Amino acid sequence: MNRTVQILTGIWVVGVTVAAFLWLPPAEGFRSPEAARIVVFHVPCAMLTFVAFLVNAVYSWKYLRSRDPLTDSKANAAAELGMLFAILATVTGSLFAMEQWGSAWNWDPRETSIVMLMLVYAAYFVLRGAVEEKSKRARLSAAYALLAFPAMVFLIWILPRIVESLHPTNTLFSRSGLDPKYRITLWSFFAGLLAVFVWMFRLRLRVEIAEARLRRQHRRDTMPEATPAGETR
Amino acid sequence: MNRSSSWAHEAIAVFAKDWLLELRTRVALGAVVLFAVTSVVASGFALAPPSGVPAEVKAALLWVVIFFAAVAGLSRVFVVEEETRTADALRLAVSSTGVFAGKLAFNTVLMWTLCAITVPLYLLLLEAPLRNASLLVIVVLLGSTALACATTAVGAIVAKATMRGALFGVLSFPVALPPLLVVIHATKAAWLSDNAWRVAAGDLQVLSGFMLVIVPASVLVFEHIWSE
């Protein structure tokens, strides 16, 4: 990502945020119409959580095929960002629920599914912490990510449709009660956030690569006569 | 012998070997059943009538007990291979699909045994209502099978890591949650509803669908977990 794209991303996200407060009208029909505009930030965060989860699963699958350590780092970076966006989505969602539905937590199916998603990520990080050897850690965590994937698909797409939910379905793609300006702002914010996601993802990878290089350097400095067999560990 | 029947034969051999071992030591059975009986008795003390705990709570509690009892024992089949250092021999002798199918069968039968002891005891001690016994049998059978399907591959992962006991619970929970949610709902229906079959029909479909997805997914990733 070059400098221009980064600056444009920054301007875009700031612009959309300002527009969400100045250009976007209050959402009529909600208990507190002014506060309802938080949905344009909340929904993109939730969407990115799922995007990150998908990216994690894809790289996990790729890792099992290729056994390339960088692919494992990518899967891990996606999971970390997914956790971050899950927290953001939960916090913004709770604020909305407190304002509109009267309580910060309602055990709504979508609330349940995001908590479960966070649990999966947490379990994924615990597993990564519990395996010392690098290639084994990559292999086992990739396998776990792929095992958790069908369970999450179930929780995210099937459960909210069988249990009744406070969340509306299909507001993003169909014409419904909300002002079309909401849809425009929401998708614009999603685009900006997606760019931020890509940016953070690449930063995280660079840190990972730099760390690996430092570790190699350190090993070379401390053990001058390291054998090639030692290198492969 | 063609390929498909060969892994089935291997699975049967692994299954028979694991049961033979289990019946000699009874580690997994003992852990699972004792855990379940202890928690059922403890809940019975606290929650039996006239405590007035609603049947919904009892349905959830039953499956919480079963799930945690399962966590105490379901990773055993793989952990024992690592502890006795027999995993390599097994890897040489049997295909990974054969191993997985055999271990899955073992865990399924373990779950059935657990439920056969726990559920009647629970119904007796907690005086849970029972409108539709045949539905309950089907729900328990499908639910315990689904839990075994969801957690067997996780057991294989855990066997390769450190702090296995704690890790298995943490890793199993997210994967086992969909069948747990559904099975609690169906159990409630079997206890309380007049037209329980209709209420639980969707749940039974979802349970079967879940197994149809998670078992092939497990077989696919198991190959990578199992081979060094």
Side-chain angles (χ1 to χ4, degrees), chain A residues 53 57 60-67 71-72 79 82-83 86 107 109 112-133 135-164, chain B residues 78 96 100 146-147 149-182 184-186 199-203 205-207 209-228:
Chain A
F53 194 61
S60 299
W61 175 247
K62 276 190 167 171
Y63 176 80
L64 289 183
R65 311 242 96 186
S66 69
R67 303 291 164 109
T71 316
D72 173 56
M83 187 65 152
W107 286 113
T112 315
S113 66
I114 199 127
V115 168
M116 289 311 135
L117 205 52
M118 285 198 270
L119 273 181
V120 173
Y121 283 136
Y124 179 84
F125 298 133
V126 171
L127 174 62
R128 291 186 74 93
V131 186
E132 197 64 48
E133 195 190 317
S135 68
K136 196 195 238 183
R137 178 204 304 154
R139 197 155 47 82
L140 294 182
S141 57
Y144 182 67
L146 290 174
L147 267 185
F149 190 73
M152 284 308 111
V153 167
F154 173 88
L155 284 174
I156 293 163
W157 278 284
I158 302 177
L159 187 70
R161 280 163 184 76
I162 37 182
V163 188
E164 72 241 67
Chain B
F78 286 107
S96 73
F100 182 77
L147 283 181
C149 292
T151 54
T152 298
V154 177
I157 293 179
V158 166
K160 307 250 171 188
T162 49
M163 356 176 279
R164 290 162 184 155
L167 202 59
F168 186 56
V170 173
L171 296 190
S172 296
F173 183 65
V175 187
L177 194 82
L180 269 181
L181 289 178
V182 172
I184 290 172
H185 187 256
V199 176
D203 298 328
Q205 279 172 9
V206 171
L207 266 184
F210 178 80
M211 283 188 270
L212 285 181
V213 173
I214 201 79
V215 171
S218 302
V219 171
L220 278 179
V221 296
F222 181 74
E223 201 185 316
H224 296 278
I225 305 168
W226 182 242
S227 60
E228 280 296 317

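Naming convention: chains lettered A, B, ... in sequence-line order (proteins, then strands); numbering from 1 in each chain. This is a predicted model, so every value here is computed, not measured.
For chain A, the nearby parts of B/I157 are the backbone and the side chain; heavy atoms of each come within less than 4.5 Å. Using a 4.5 Å cut-off between heavy atoms, B/L171 contacts chain A through both its backbone and its side chain.
Options A/L127, A/V153, A/L117, A/L146 differ in how many heavy-atom pairs under 4.5 Å they form with chain B, and the most are formed by A/L127. Ranked by heavy-atom pairs under 4.5 Å with chain B, the list A/A130, A/G129, A/A123 is led by A/A130. Between chain A and the options B/A161, B/A166, B/P178, the largest number of non-hydrogen pairs under 4.5 Å is found for B/P178. Of the listed residues (A/V126, A/V120, A/L64, A/L119), the one with the most heavy-atom contacts under 4.5 Å to chain B is A/L64. Ranked by heavy-atom pairs under 4.5 Å with chain A, the list B/V154, B/V213, B/V158, B/L167 is led by B/L167. Between chain B and the residues A/M116, A/R139, A/R137, the largest count of heavy-atom pairs under 4.5 Å involves A/R139.
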List the atom pairs, with distances to 0.1 Å, where a side-chain N or O of residues 214-225 of chain B and a protein N or O form a donor-acceptor pair under 3.5 Å, not counting sequence neighbours.
from	atom 1	to	atom 2	distance (Å)
B/S218	OG	B/I214	O	2.7
B/H224	ND1	A/R67	NH2	2.9

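Between A/Y124 and B/P174 there is no side-chain heavy-atom pair separated by less than 4.5 Å. For the pair A/E133/A/L140, no side-chain contact is recorded, criterion being any heavy-atom separation below 4.5 Å from C-beta on. Two residues are said to be in side-chain contact when any heavy atoms from C-beta on lie closer than 4.5 Å; A/M83 and A/F125 meet this criterion.
Residue A/Y63 comes nearest to A/S135 through the heavy atom pair OH-O, 3.6 Å, listed as atom of the first residue, atom of the second, then distance.
Remark: the backbone N or O of A/A138 is paired with a side-chain donor or acceptor of A/S141 at under 3.5 angstrom.
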